[in-house]
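For the numbers below, each heavy atom of this structure counts, side chains included, while hydrogens, waters and symmetry mates do not. These numbers were taken from a predicted model, which means no experiment stands behind them. Every chain is numbered from 1, with letters handed out A, B, ... down the list of sequences.
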Protein chains: 2
Amino acid sequence: MRTYGQHCFIAKALDVVGDRWTLLIVRELLLQGPCRFTDLRNGLPGIATNLLSTRIKELEDAGLIYREAAPPPVATTLFHLTTDGRELEPVLEALGIWGVRYTTAQSPDEAFRAHWLGYPLRWFLHDNRPAAAVQTIQIVADDEPIVLTVDHGTITPRSGLTPHPDVTLVGGPDQILGLLTGMIDAKKAAAAGVAVTGDHRVLTRIRPTTLPPALAAAAATMSMP
Amino acid sequence: MRTYGQHCFIAKALDVVGDRWTLLIVRELLLQGPCRFTDLRNGLPGIATNLLSTRIKELEDAGLIYREAAPPPVATTLFHLTTDGRELEPVLEALGIWGVRYTTAQSPDEAFRAHWLGYPLRWFLHDNRPAAAVQTIQIVADDEPIVLTVDHGTITPRSGLTPHPDVTLVGGPDQILGLLTGMIDAKKAAAAGVAVTGDHRVLTRIRPTTLPPALAAAAATMSMP
DNA sequence: CCGTATCCGTGGAGATACTG
DNA sequence: CAGTATCTCCACGGATACGG
């Protein structure tokens, strides 16, 4: 492992997670929870399998992830974040918030996974009717579906489908982001190809918290096809 | 510039600042303020000049730093952070806080610059007598001296000397860190080679805020030679 | 199907010498 | 002082083949 050789907190951190792909592997495990090798590979389009293998080993040695030999229903090894690994969330959050300014409309040669968008929503949005009943939003973007659970002030994303969502959004990721952040209204979203079925009022329940100006701008432009 | 090609906030951020040395250049400009090429080189021991040159150009193109042709007293070009660049501070702060756990006693082959330690103090410490008069702490660690100004609740570091510090600390960086974080008392610090001259009570004025357990442990062990 | 190992082409990183 | 030029070498990316 190449190190900077500096007696500095930041350099030490980068010695551990500064290599290419490393933080993105942590991102996958943080956003998706425990993953199989193939899940990681799928969430990291472009990585070579040998490099993924190497990085996993390095992260294990550094104590950020560990391996679990999963019992029969899965019958494969699962990779988990350790506590040290999970504690990188503030770093990923700061990077994500800062990176919003470089996020433009999805380019055709860019890969996309719905959880890349879904999880960060909890850094940007909050539930402004915390006393109301739990509600769920089903999102179906390009690839896999995700569910947002709105409950007691916070928003929790997860992959998959929920049987009885209060509202379902189907459309492109940028347009759905524009709608969720309130940068475009339901009418414009419909014009941009977002199908909203169910109770529209859930959407007014979630509002940006510390929405960076850049996100507002990005969401607005991204939503216009 | 090699990109991940992912439509994801975090990946976008890493496309810009994920390359080797890039965040450390931002660190230098954030901690030291505007720098000459040589100042950067000195604050980044180990970097090759061509690589520093390349990274500076990339950061300029990305809009994170800009170049100023400084007038006669300096008579050289100064590199400044733009607003976008300065807004990386939360990222560096999160990295620094997380990186504390990997910080052990300074190894002889590790480079050290006092500002690497001094600036992050404002992330860990606060002034618990905000109503008191402004006080200054002169720190003389291995290399260049730094000054901490304690005023109205916050701690502001800068490089250089101050004419009449309330207290002066001379010693090794690890021992001074242990003393400032309260992990070792004045007696132990003296035994570890820290010379304290002036008003000791300034040191009880600054206290850890959200001191991560790791920092406590690190400071304690680092201070024992 | 899961994960590891190997080979190879390219480009970035590092060290050093050198110049406006 | 502020870089540029040159060279070497390893890391990365891609493909593929192999063992569990």
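Among D/dC12, C/dA17, D/dT16, the nucleotide with an atom closest to any side-chain atom of B/Thr49 is C/dA17. In this structure, of C/dG14, C/dT6, D/dG3, it is C/dG14 that holds the atom nearest to the side chain of B/Asn50. Comparing D/dA2, D/dG14, D/dC12 by their nearest atom to the side chain of A/Ala48 picks out D/dG14. Proximity note for A/Phe37 (side chain, C-beta onward) versus D/dA2, C/dG3, D/dT16: the nearest is C/dG3.
A salt bridge links B/Glu87 and A/Arg101; the closest N-O separation between the charged side-chain nitrogens and carboxylate oxygens is under 4.0 Å. By the 4.0 Å N-to-carboxylate-O rule, A/Glu58 lies close enough to A/Arg55 to be salt-bridged with it. Taking the charged nitrogens against the carboxylate oxygens, A/Asp39 and A/Arg36 do have a contact shorter than 4.0 Å, which makes a salt bridge.
Atom CG in A/Leu51 sits roughly 16 Å away from atom C1' in C/dC8 (whole-Å rounding). As a whole-Å value, the separation of A/Asp19 CG from D/dG13 C1' is 15 Å. For the pair A/Asp39 CG and C/dC1 P, the computed distance is 13 Å after rounding to whole Å. Rounded to a whole Å, the CG atom of B/Leu44 is 15 Å from the C1' atom of C/dA13. For A/Ile65 and C/dG3, the CD1 to C1' distance is 14 Å, given to the nearest whole Å. If you measure from atom CD1 of B/Ile47 to atom P of C/dG14, you get 8 Å, rounded to the nearest angstrom. A/Ile25 has its CD1 atom 11 Å from the P atom of D/dC12, to the nearest Å.
In this pair, B/His80 and B/Tyr66 present their aromatic rings parallel. The plane angle is below 30°, not in the 30 to 60° band. Using cut-offs of 30° and 60° on the angle between ring planes, the pair A/Phe9 and B/Phe124 is perpendicular. In this pair, A/Trp98 and A/Tyr102 present their aromatic rings tilted. The plane angle is within the 30 to 60° band.
The 5' end of DNA chain D is approached more closely, in terms of each residue's nearest nucleotide, by B/Arg67 than by the other of B/Arg67 and B/Tyr4.
Contact check, A/Arg2 against C/dG14: a side-chain N or O comes under 4.0 Å of OP1 or OP2. At the phosphate of C/dG14, OP1 or OP2 sits under 4.0 Å from a side-chain N or O atom of B/Trp21. Phosphate proximity of D/dG13 to A/Arg20: present, with a side-chain N or O under 4.0 Å from OP1 or OP2. A sub-4.0 Å separation between OP1 or OP2 of D/dA2 and a side-chain N or O of B/Thr38 is present. Remark: B/Thr77 is in phosphate contact with D/dG3, judged by side-chain N or O atoms under 4.0 Å from OP1 or OP2.
Heavy-atom distances under 4.0 Å link DNA chain D to B/Ser53, B/Lys57 of residues 52-61 of chain B, given in residue order.
Contact annotation for B/Arg41: no contact, since no heavy-atom pair falls under 4.0 Å across all strands.
Applying the side chain to side chain contact (heavy atoms under 4.5 Å, CB included) test between B/Phe37 and each of B/Ile56, B/Thr76, B/Asn42 identifies B/Ile56 as the sole match.
A distance-only check finds no donor-acceptor pair linking the side chain of B/Thr77 to the backbone of B/Arg67 [under 3.5 Å].
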